[in-house]
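All values below were derived from every heavy atom in this structure, side-chain atoms included, with hydrogens, water molecules and symmetry-related copies excluded. Remember, predicted model here, so these are calculated numbers, not experimental data. Every chain is numbered from 1, with letters handed out A, B, ... down the list of sequences.
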Amino acid sequence: MNALTRLRDLSRVIAGQPATLTRRAADLYFEETRRRATVIRLIFFGLVAAPTMVAALYFSLWAAPRYVSEAQFLVTKAASAKPTGLDALMKAVGASQQVDDTSVVTGYLLSRDAVRSLEAQLPLREIFSRPQSDLFSRFPRFGRGDSFERLYDYFLDRVDVYQDPKTGLSVLTVQTFRPEDSKVLADALLKLAEKAVNDLNKRAETDTLNFAWSELGRAQQKLIDAQQALTTFRTQELLVDPTKTSAAVLETINRLSRERVQILAQRQQILTSAPDSPAGKTMAVRAEALQKQIDQERSKLAGGSGSLAPSVSTYERLTLLRELAEKDVASAQAAMEAARQEAQRQHLYIQMPIAPNLSDESTEPQRLRAFAAVFVTGFAIFAFIWILMVGAGEHAHR
Amino acid sequence: MRTGSLRMASQDLGVGLRSQVRVIGALMIREAMTRYGHKDLGFFWLMGEQLILTTGVIVMWSMGGLEHGHGGAGVVPMAVTGYGFIQLWRHIVGHSNQAIRHNNHLLYHQQVKILDILLANALLETIGTVSAFLIAYIPLWLFGVLYPIHDPLLLFGGFAFTGWLSFAVGLNIAAITELNEASSRLVAPILYITLPFTGLVFMVSWLPDQYQSIILWSPLINCVEMIRGGIFPLYMKTYFSPAYLTIVCVVLTAIGIPAVQYAQRHSHH
């Protein structure tokens, strides 16, 4: 209702106006649409037409050919333990210890350290700026410096390492402007990888073995100390083995007691048969003497200052310590052997089923593909902006 | 004489092409307006939807502590690449269901052909999806949730193939549903049944070898793997064949265009 009246009002106004004014309104509208079309055309030119043309010219006439050298290697352990339980499951879904070992190597190959080592043995900057290269693909990049960081950045563009999850093989690709350069660079990188792995092995080995060595040394020192203490004790006490000595004393006491008991029994017998026999008296004296002797021997064993009992206990403590130390040494030796074996087992190796190739044809840049990528990307961004503009434009005309 | 007529013919072709481009552009804007209207965000809802879904997925999965997902592919990259792709497929195909009947009123214009309508719809969906993807992608990439695009050709090419494939399938569906009304009821269930074969929630490389070669016959899988191939790093292998996709799309289009024209002539509406 409201709209209808408004429309009627509008038509009245338009009818009342001179024809030039309505024409101006129409012109204004057309001008606006035309302006929008011009803007869209300009954006199309800037994002799609011009970049695609430039890309076509650059990739067809100018871009320097690059030669790819590809190598594949495998990082393996000497003998990996059989996966069990969760580890087996992880292996089944593609995540395993081996991936970690490999990523150490691939990570190293793409590190600043690797670039620095490469630079020390190869004219890296020269390789990346051969006369065959063009202005935009050579190092230093157009309008950029030639600092080490830039070199590293450039290196990352030309060298790629990734692990194929299916085969476990790591794929190394190197692109330079000469096939020989690519091969040399790939070879050098693989040597570096090998060296990195060896260093890693050496460090792991020394780490584990060092600990075992120090354990063994400690145990051996303890054994020597125990032996030393025993020897000191012996020289001090003038005894080789107090337990044996005391056993001998005990034996004597035993013998004497037995003899005494026998004599006492004989005397009893004699006294019963002939109470006044002089033999009885002699026997009593002998028994007395024997008793004295027994007491004397007993005091040698225990009680008094020169008795054997304390030295026996010290001696036993010392021998026990020595035995413990001996066991320690034995177990440390076993641990040492185990550590050596484990280190051997954990040894990483680089196997190289596919050595770097010497390419005889340039495969980079992929000209048609790069051209298509520029076109498609430009077009996608253009479409994105176009739809935003249309959305916003229609929005304004609500 | 001959050169003159050739020039005339090429001029005619130029005029025809230009008018068709104009028609398709106008149809796209009309389509966008009718679908989202002028109110509130209007057209930008197309992009808003994707952002909302992505945010939801991130929140849900990080609450579950599962951001890292399977085989190194984060859930967010899987969701962002999968969602746009599946929406594109379902919208275009779903929209061509009985498209001739639904757009009958437009066909009274002499310059508007049913093919233009379907093409405009497919283009609008494709551009909208790619735009939505970019809008969702840029902040997520800046926050480090998504991988950087390492091959834009594969990414945009994958979307383009998805659009083309959906358009080509849509042509056939438009023709079939026009000729046989009952078949239009089957479109929605079939779209759901095909979901497992779209690679929405898995990657081909997760499957055992013997299934990989089977599932790769599905052109949709090829499309989504191509999209992912443009974003996911190299160590996450993707499998697709642009040649196979081209053949499938060309064949489906070649069948679809005459089929739609036949259906339009023989429809009773």
Side-chain angles (χ1 to χ4, degrees), chain A residues 33 36-37 40-41 44 48 51 55 90-96 99-100 102-103 106-107 156-157 160-173 366 368-398, chain B residues 22 25-26 28-30 32-33 36-47 68 70-73 123-135 137-138 149-161 163 203-209 212 230 233-237 239 242:
Chain A
T33 24
R36 201 160 79 188
I40 285 176
R41 212 165 288 149
F44 182 83
V48 186
M90 297 296 273
K91 211 154 227 159
V93 300
S96 63
V99 174
D100 294 343
T102 307
S103 61
T106 52
L156 290 186
D157 280 352
D160 207 355
V161 189
Y162 73 95
Q163 194 191 12
D164 186 332
K166 202 162 166 186
T167 56
L169 285 170
S170 300
V171 184
L172 165 74
T173 53
Q366 297 175 333
L368 208 60
R369 198 177 190 288
F371 165 75
V374 169
F375 172 72
V376 166
T377 311
F379 191 81
I381 296 171
F382 164 73
F384 175 59
I385 291 174
W386 177 76
I387 206 138
L388 288 186
M389 271 180 67
V390 165
E394 291 300 318
H395 223 63
H397 289 281
R398 58 170 94 198
Chain B
R22 246 202 348 266
M28 281 165 76
I29 294 169
R30 178 191 164 277
M33 288 310 129
Y36 298 98
H38 291 272
K39 281 194 199 135
D40 53 64
L41 277 181
F43 185 75
F44 294 102
W45 271 121
L46 197 58
M47 292 142 212
H68 299 299
H70 186 113
L123 277 175
L124 175 76
E125 288 285 359
T126 311
I127 294 175
T129 306
V130 173
S131 308
F133 171 82
L134 285 177
I135 285 186
Y137 175 84
I138 289 166
I149 297 176
H150 73 84
D151 197 335
L153 180 62
L154 290 185
L155 173 68
F156 296 126
F159 274 118
F161 267 121
M203 288 183 67
V204 173
S205 60
W206 300 352
L207 299 176
D209 280 357
Q212 284 184 2
L234 278 178
Y235 60 82
M236 290 162 66
K237 242 196 160 128
Y239 299 85

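Within 6.0 Å of CG on A:Leu156 lie more than 12 heavy atoms contributed by other residues, nucleotides or ligands.
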message = Walk me through whether A:Phe384 and B:Val130 qualify under side-chain contact (heavy atoms from CB on, under 4.5 Å).
response = CA-CA 7 Å; A:Phe384 175 59; B:Val130 173; over 6 Å; no

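Here the CD-CG distance, from A:Gln366 to B:Leu153, works out to 10.0 Å after rounding to the nearest 0.5 Å. To the nearest 0.5 angstrom, A:Ile381 atom CD1 is 7.5 Å from B:Leu134 atom CG. The distance from atom CD1 of A:Ile385 to atom CD1 of B:Ile127, rounded to the nearest 0.5 Å, is 12.0 Å.
Ranked by heavy-atom pairs under 4.5 Å with chain A, the list B:Ala160, B:Ser131, B:Pro152, B:Gly157 is led by B:Ser131.
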